[in-house]
Enquirer: 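Got a structure here, written out as structure tokens. Questions coming.
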Amino acid sequence: AVVQARGTVHVSGSEAAGTDALSPAMLACARGLHGLLDSDPGAQASARRFLEEAAAGDSALEEAVEALVDLDLSAAPEAAIARLDRALEVDRGYPMYWKLRGRARWESACLRFWRGEDALEVLAGSAADFARVLELQPGDAESRDYLVQSRAARPLWIQERGGDPAEAY
């Protein structure tokens, strides 16, 4: 999005053409996004560093935050949740942050449940995040589906752990 919004930016190598209008954070973000397209593991690690630099330099740079969350989501959902907590401190009205945090909380709750840990509080947080998305974007079908899944999972998980599913309500 940074590259498209600002025109063509060549970010490979050490020179960048057409970057006069880009802040250092935007340029780092463009380099990071470009690096994610490279299959070389070294380029992937470098891409993460550029994206971290971009997010640190401009906390409102959604592209950097979203890319980092995507990298963390399946492997480290707690890291994604923490990153999105910080992003929501800056912009509480951006639906994608709520949606991504809801997904990260859903992933975290599932992992906790399968490890035998208490997951109900995280699951409730996931449902709350998706409910917030629907307040901001009432027609968001994906968030509606996740909200339903989060709410439906609660009594099933309670029952699976030997509790009374009626306690979910």
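Note that this is a predicted model, so its numbers are computed, not measured.
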Enquirer: Do L36 and L71 have side chains that approach each other closer than 4.5 Å (heavy atoms only, starting at C-beta)?
Expert: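 Yes; the side chains approach each other to less than 4.5 Å.
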
Enquirer: Indicate yes or no: does E135 engage R132 in a salt bridge with an N to O separation below 4.0 Å.
Expert: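 R132 and E135: salt-bridged.
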
Enquirer: Starting at CG of L123, measure out to SG of C110 and round the result to the nearest 0.5 Å.
Expert: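 If we round to the nearest 0.5 Å, L123:CG and C110:SG are 7.5 Å apart.
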
Enquirer: With a 4.5 Å cut-off on side-chain heavy-atom distances among I, L, V, M, F, W and Y, is there a chain of contacts connecting L37 to L51?
Expert: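 Per the 4.5 Å side-chain linkage, L37 and L51 are not co-clustered.
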
Enquirer: Considering non-hydrogen atoms only, spot the tightest contact between L33 and A67 and give its length.
Expert: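 That would be CD2-CB, 3.8 Å.
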
Enquirer: Taking only residues two or more places apart in sequence or in another chain, which ones pass side chain to side chain contact (heavy atoms under 4.5 Å, CB included) with E117?
Expert: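 In terms of side chain to side chain contact (heavy atoms under 4.5 Å, CB included), with neighbours along the sequence ignored, E117 is linked to R112, R115.
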
Enquirer: Write down the atom of A47, the atom of G32, and the distance for their closest heavy-atom approach.
Expert: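 Here A47 and G32 meet closest at CB-O, 3.3 Å.
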
Enquirer: Taking the side chain as everything from C-beta on, heavy atoms only, tell me whether R86 gets closer than 4.5 Å to R83.
Expert: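 Touching, per the 4.5 Å side-chain cut-off.
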
Enquirer: Enter the distance from L27:CG to E53:CD here, rounded to the nearest 0.5 Å.
Expert: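 Reported to 0.5 Å precision, the distance equals 8.5 Å.
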
Enquirer: Locate the shortest heavy-atom distance separating S126 from S150; write the atom from each residue and the value.
Expert: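 Reported closest heavy-atom pair: OG-OG, 3.3 Å.
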
Enquirer: Tell me, which pairs form a ring-ring contact (aromatic ring centres under 6.0 Å, His included) where one or both residues lie in residues 36-73, sequence neighbours left out?
Expert: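 Passing the test, one end in residues 36-73: no pairs.
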
Enquirer: Can you list the residues that meet the side chain to side chain contact (heavy atoms under 4.5 Å, CB included) rule with D145, with sequence neighbours excluded?
Expert: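 Applying side chain to side chain contact (heavy atoms under 4.5 Å, CB included) to D145 gives none.
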
Enquirer: Linking I/L/V/M/F/W/Y whenever any side-chain heavy atoms sit under 4.5 Å apart, do V122 and F130 land together?
Expert: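 Each belongs to a different hydrophobic cluster.
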
Enquirer: Compare every heavy atom of R161 with every heavy atom of G116, then report the nearest pair and how far apart it is.
Expert: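 Residues G116 and R161, closest heavy atoms: CA-NH2, 3.5 Å.
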
Enquirer: Determine whether L88 and L147 fall in the same hydrophobic cluster, where Ile, Leu, Val, Met, Phe, Trp and Tyr are linked whenever their side-chain heavy atoms lie under 4.5 Å apart.
Expert: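 Each belongs to a different hydrophobic cluster.
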
Enquirer: More than 12 heavy atoms of other residues, nucleotides or ligands under 6.0 Å from CD of E121: is that the case?
Expert: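 Counting neighbours around CD of E121, 12 or fewer heavy atoms of other residues, nucleotides or ligands fall under 6.0 Å, so no.
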
Enquirer: Under the rule for side chain to side chain contact (heavy atoms under 4.5 Å, CB included), what residues qualify as partners of A79, not counting sequence neighbours?
Expert: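 Partners of A79 by the side chain to side chain contact (heavy atoms under 4.5 Å, CB included) criterion, ordered by chain and then number, come out as D72, A76.
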
Enquirer: With a 3.5 Å cut-off and sequence neighbours excluded, list the donor-acceptor pairs that the side chains of residues 93-106 form with protein atoms.
Expert:
{"unit_1": "Y94", "atom_1": "OH", "unit_2": "E66", "atom_2": "OE2", "d": "2.6"}
{"unit_1": "W98", "atom_1": "NE1", "unit_2": "R92", "atom_2": "O", "d": "2.7"}
{"unit_1": "K99", "atom_1": "NZ", "unit_2": "D140", "atom_2": "OD1", "d": "3.3"}
{"unit_1": "K99", "atom_1": "NZ", "unit_2": "D140", "atom_2": "OD2", "d": "2.9"}
{"unit_1": "K99", "atom_1": "NZ", "unit_2": "E142", "atom_2": "OE1", "d": "3.1"}
{"unit_1": "R101", "atom_1": "NE", "unit_2": "D129", "atom_2": "OD1", "d": "3.3"}
{"unit_1": "R101", "atom_1": "NE", "unit_2": "D129", "atom_2": "OD2", "d": "3.0"}
{"unit_1": "R101", "atom_1": "NH1", "unit_2": "D85", "atom_2": "OD1", "d": "2.7"}
{"unit_1": "R101", "atom_1": "NH2", "unit_2": "D129", "atom_2": "OD1", "d": "2.8"}
{"unit_1": "R105", "atom_1": "NH1", "unit_2": "G125", "atom_2": "O", "d": "3.0"}
{"unit_1": "R105", "atom_1": "NH1", "unit_2": "D129", "atom_2": "OD1", "d": "3.4"}
{"unit_1": "R105", "atom_1": "NH1", "unit_2": "D129", "atom_2": "OD2", "d": "3.3"}

Enquirer: Which pair of heavy atoms, one from A64 and one from A54, lies closest together, and at what distance?
Expert: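 For A64 and A54, the tightest heavy-atom pair comes out as CB-CB, 3.9 Å.
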
Enquirer: Just jot down the side chain to side chain contact (heavy atoms under 4.5 Å, CB included) partners of A43, sequence neighbours excluded, or say none.
Expert: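 With neighbours one apart ignored, the set is D38, D40.
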
Enquirer: Mind checking whether Y146 and L120 sit in one hydrophobic cluster, side chains of I, L, V, M, F, W, Y counted as touching below 4.5 Å?
Expert: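 Yes, because Y146 and L120 connect within a single hydrophobic cluster, where side-chain heavy atoms sit under 4.5 Å apart.
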
Enquirer: Is L111 reachable from W157 through a run of hydrophobic residues whose side-chain heavy atoms are each under 4.5 Å from the next?
Expert: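 No: no chain of side-chain contacts under 4.5 Å links W157 to L111.
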
Enquirer: How long is the span from the CG atom in L68 to the CD atom in E52, to the nearest 0.5 Å?
Expert: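 Here the interatomic distance stands at 4.5 Å.
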
Enquirer: At their closest point, which heavy atom of A55 faces which heavy atom of V65, and how far apart are they?
Expert: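 For A55 versus V65, the nearest heavy atoms are CB-CG2, 4.4 Å.
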
Enquirer: D164 versus I158: any side-chain heavy-atom pair under 4.5 Å?
Expert: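 No; the side chains remain at least 4.5 Å from each other.
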
